[in-house]
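Naming convention: chains lettered A, B, ... in sequence-line order (proteins, then strands); numbering from 1 in each chain. Values below: every heavy atom of this structure, side chains too, minus hydrogens, waters and symmetry copies.
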Amino acid sequence: MLTTRPRGTADILPGQVEKWQYIEEKIVRICREYGYREIRTPVFEHTELFVRGVGEDTDIVEKEMYTFRDRGDRSITLRPEGTASAVRAYLENKLYAGPQPVKLYYIGPMFRYDRPQAGRLRQFHQFGVEVFGSYHPAIDAEVMAMAMDFYGRLGLNDLELHINSVGCPNCRPVVRKRLQEFFQPVLADLCPNCRGRFERNPLRILDCKSDRCAELSREAPTTVDCLCPDCGEHFAQVQQFLQDLGIPYVLNNRLVRGLDYYTRTAFEIMAPDIGAQSSVGGGGRYDGLIEACGGPPTPGIGYALGLERIILALENRGLAPDVTSGPEVFVVVLGERAAREGFALLAKLRRAGIAADMDYQGRSLKAQMKYAGKLGVRYTVIIGEEELQRNIVVLRDMESGNQREIPGARILQNLAEPAADR
RNA sequence: GUGGAUGUAGCUCAGCUGGUUAGAGUACCAGAUUGUGGCUCUGGGGGUCGUGGGUUCAAGUCCCAUCAUCCACCCCA
């Protein structure tokens, strides 16, 4: 073999791809019901879009982007997430001039130069939604409710919704100051990582997985403690709407999302059983992002779900759909003349909407039967010299093994009729 | 980016302290059944032992590097 697929990429083969199609159908449907319309943006963008839109201090921008120079010497980046592109498209196509809010969804590949492991690839796939133009707390609740509804429709009823509010630019300096005051006395006890975070982004200390840091931060002030009156009220209303909808959630004041642009509502959906990468989706509000990208001051909120992780969760629970994509009828032929007749019959079956196939390997009757059995077809139609002379075909039910002779002219009608008549 | 484990037929794996032509199960193909799948039996094809170096009379087996996979960290979807 010349080469293999690049590290962290996957071939989605027949047998697996049906799971993707199943999920994709559910996505199209739920988005229509919730009033979201699809947008398709390029998989690569100018690098500065992500630097600005995701945030310079994020891991994504610092070390995970697939960035290269194209032949025109432009810096291009394979998209690491979907929000920045949606914002760019919203501004570039002046969607803010139309009725608000604008509710969009996308589905497609994303690229991050991470170290691959279970549930994490370099090319992975996300389904996400974005709402531009509404500050209303009900839209926060809708977005979360929709995500949970989507999981529920797939049978994933045991996932946990964690929510938090990270405040707005008014609250940020307050949290920062109070956290630094809190951690100052124990600074030397924090992990090396968190010692760095102390200056740069003390919020992230709350999120640290190290036992020592978690212990030290148990009594630390949280973002919720420092919310300004507006943010506090907004968060209270978001929760009220969730309760009204009967959506269970966990208040998690350690939840700090990695992307710089989040304001107020932040949430994450966890599946504890799919390995270390337990997040199957997350999102939040980003009221400053659109302005930061050069647009009019416009609020936004969205989420993204990882499709590979959803599939992992489905497989773990035995919820992945059965694969039933093979043909229904197999045409078995013996000899040249029968092969021509069979080929013509095959075309007729297909035109009648019946999934059908035949042998193209010159196999013996026995081998054709065996092959048909492996394909899992319900019926075989057998045509040989004898049948040709008598102007009939043999119709065999592969499950029961029963077979009967049918006049050649009637076979199409016979297969198209309900099973009871056969 | 860091640490650990693992790479032998398409797949799951065996191969003892280095020692003749590298095995099994399964899958694939064919025959038993000269026109009938699933069960059974028989036979057959298929392996640069991840790759590249090294040690040795001799390397699948030991050493080094490299690539890949898995797990954990980091981070996230």
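- Counted within 6.0 Å of CZ on A:Arg37, heavy atoms from surrounding residues, nucleotides or ligands total 12 or fewer; the atom is thus considered open.
- As rounded to the nearest Å, B:rU21 and B:rC63 have C1' atoms that lie 28 Å from one another.
- Classified by interplanar angle (parallel below 30°, tilted 30° to 60°, perpendicular above 60°), the ring pair A:Tyr262/A:Tyr286 is perpendicular.
- For A:Thr4 and A:Gly373, each mapped to the nucleotide of RNA chain B holding its nearest heavy atom, the one lying further toward the 5' end belongs to A:Gly373.
- The side chain of A:Gln117 lies closest to B:rC71, out of B:rC71, B:rA77, B:rG35.
- When the C1' atom of B:rG35 is taken as reference, atom CG of A:Leu388 falls 13 Å away, rounded to whole Å.
- Comparing the P positions of B:rC39 and B:rA27 gives an interatomic distance of 8 Å, to the nearest angstrom.
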Stepwise side chain to side chain donor-acceptor pair (under 3.5 Å) test for A:Asp149 and A:Tyr34 = CA-CA 11 Å; A:Asp149 188 6; A:Tyr34 277 77; 2.7 Å; yes
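- Taking atom C1' in both B:rG3 and B:rG10, one finds a spacing of 33 Å when rounded to whole Å.
- Between the CG atom of A:Leu314 and the P atom of B:rA77 there is a distance of 19 Å, given to the nearest Å.
- A distance of about 11 Å separates the C1' atoms of B:rU55 and B:rG18, rounded to the whole Å.
- When base pairs are accepted only as Watson-Crick or G-U wobble with both N-N or N-O distances under 3.5 Å, RNA chain B takes part in stems of 3 or more pairs at B:1-7 with B:67-73, B:10-13 with B:23-26, B:28-32 with B:40-44, B:50-54 with B:62-66.
- The interatomic distance linking A:Phe124 (CZ) with B:rC76 (P) rounds to 12 Å, in whole Å.
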Give me the distances for all protein-to-nucleotides 28-32 of chain B N/O pairs that come in under 3.5 Å?
{"from": "B:rC28", "atom 1": "OP1", "to": "A:Lys374", "atom 2": "NZ", "distance (Å)": "3.2"}

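- Within 4.0 Å of A:Ile310, counting heavy atoms only, lies no atom of the nucleic acid at all.
- Taking the C1' atoms as reference points, B:rG60 lies 12 Å from B:rG23, given to the whole Å.
- A:Gly128 comes within contact range of no nucleotide atom at all, as no heavy-atom separation falls under 4.0 Å.
- Proximity of A:Arg115 to the phosphate of B:rC74: no side-chain N or O atom is located under 4.0 Å from OP1 or OP2.
- Remark: side-chain polar atoms of A:Asp359 are paired, donor with acceptor, to backbone N or O of A:Arg363 under 3.5 angstrom.
- The separation of B:rA9 from B:rA65, taken at their P atoms, amounts to 24 Å, rounded to a whole angstrom.
- Residue-environment remark: CD (A:Glu33) exceeds the threshold of 12 foreign heavy atoms within 6.0 Å.
- Taking atom CD on A:Gln126 and atom P on B:rA77, their separation rounds to 6 Å, with Å as the unit.
- Using modelled atom types, one finds a donor on one side chain and an acceptor on the other under 3.5 Å when comparing A:Glu130 with A:Thr83.
- Ring centers of A:Phe127 and A:Phe150: under 6.0 Å apart, within the cut-off.
- Checked against B:rC71, B:rU36, B:rG35, the side chain of A:Ala118 finds its nearest nucleotide in B:rC71.
- Relative to the six-membered ring of A:Phe111, A:Arg122 misses at least one condition, a distance below 6.0 Å or an angle of at most 45° to the axis.
- Other residues, nucleotides and ligands contribute over 12 non-hydrogen atoms within 6.0 Å of the CZ atom of A:Arg120.
- Of the residues near RNA chain B, A:Gly119 and A:Arg5, the one whose nearest nucleotide (by heavy atom distance) lies more toward the 5' end is A:Arg5.
- Here A:Glu387 lies in heavy-atom contact (under 4.0 Å) with a base.
- Side-chain polar atoms of A:Thr9 and A:Gln123 form no donor-acceptor pair below 3.5 angstrom.
- For A:Ser279, counting side-chain heavy atoms from C-beta on, the closest listed nucleotide (B:rG35, B:rA77, B:rU69) is B:rA77.
- A:Gly376 comes within 4.0 angstrom of no nucleic acid atom, judged by non-hydrogen atoms across all strands.
- For A:Asp114, the side-chain atoms get nearest to B:rA77 when compared with the rest of B:rU36, B:rC74, B:rA77.
- Between the CG atom of A:Leu334 and the C1' atom of B:rU36 there is a distance of 9 Å, given to the nearest Å.
- Residue A:Gln368 is out of contact with every strand shown, counting any heavy-atom pair closer than 4.0 Å.
- B:rA14 sits 8 Å from B:rG7 when the P atoms are compared, rounded to a whole Å.
- Among the protein residues, A:Glu399 comes within range of the nucleic acid bases, having at least one heavy atom under 4.0 Å from a base atom.
- Protein atom OH of A:Tyr151 is 11 Å distant from nucleotide atom P of B:rA77, rounded to whole Å.
- A:Thr265 and A:Ser165 are not linked by any side-chain donor-acceptor pair at a separation below 3.5 angstrom, with hydrogens and angles left out of the test.
- For the residue pair A:Gln126 and A:Glu308, no side-chain donor N or O sits within less than 3.5 Å of a side-chain acceptor on the partner.
- Using atom P as the reference point in both B:rC64 and B:rG4, the two lie 12 Å apart (nearest Å).
- Rounded to an integer number of Å, the gap from NZ of A:Lys63 to C1' of B:rG1 is 7 Å.
- Residue A:Glu268 is classed as having no contact, given no heavy-atom separation below 4.0 Å to the nucleic acid.
- Between the CG atom of A:Asp397 and the P atom of B:rU36 there is a distance of 18 Å, given to the nearest Å.
- Here A:Ile382 lies in heavy-atom contact (under 4.0 Å) with a base.
- Ranking B:rU69, B:rG1, B:rU36 by closeness to the A:Arg120 side chain, first place goes to B:rG1.
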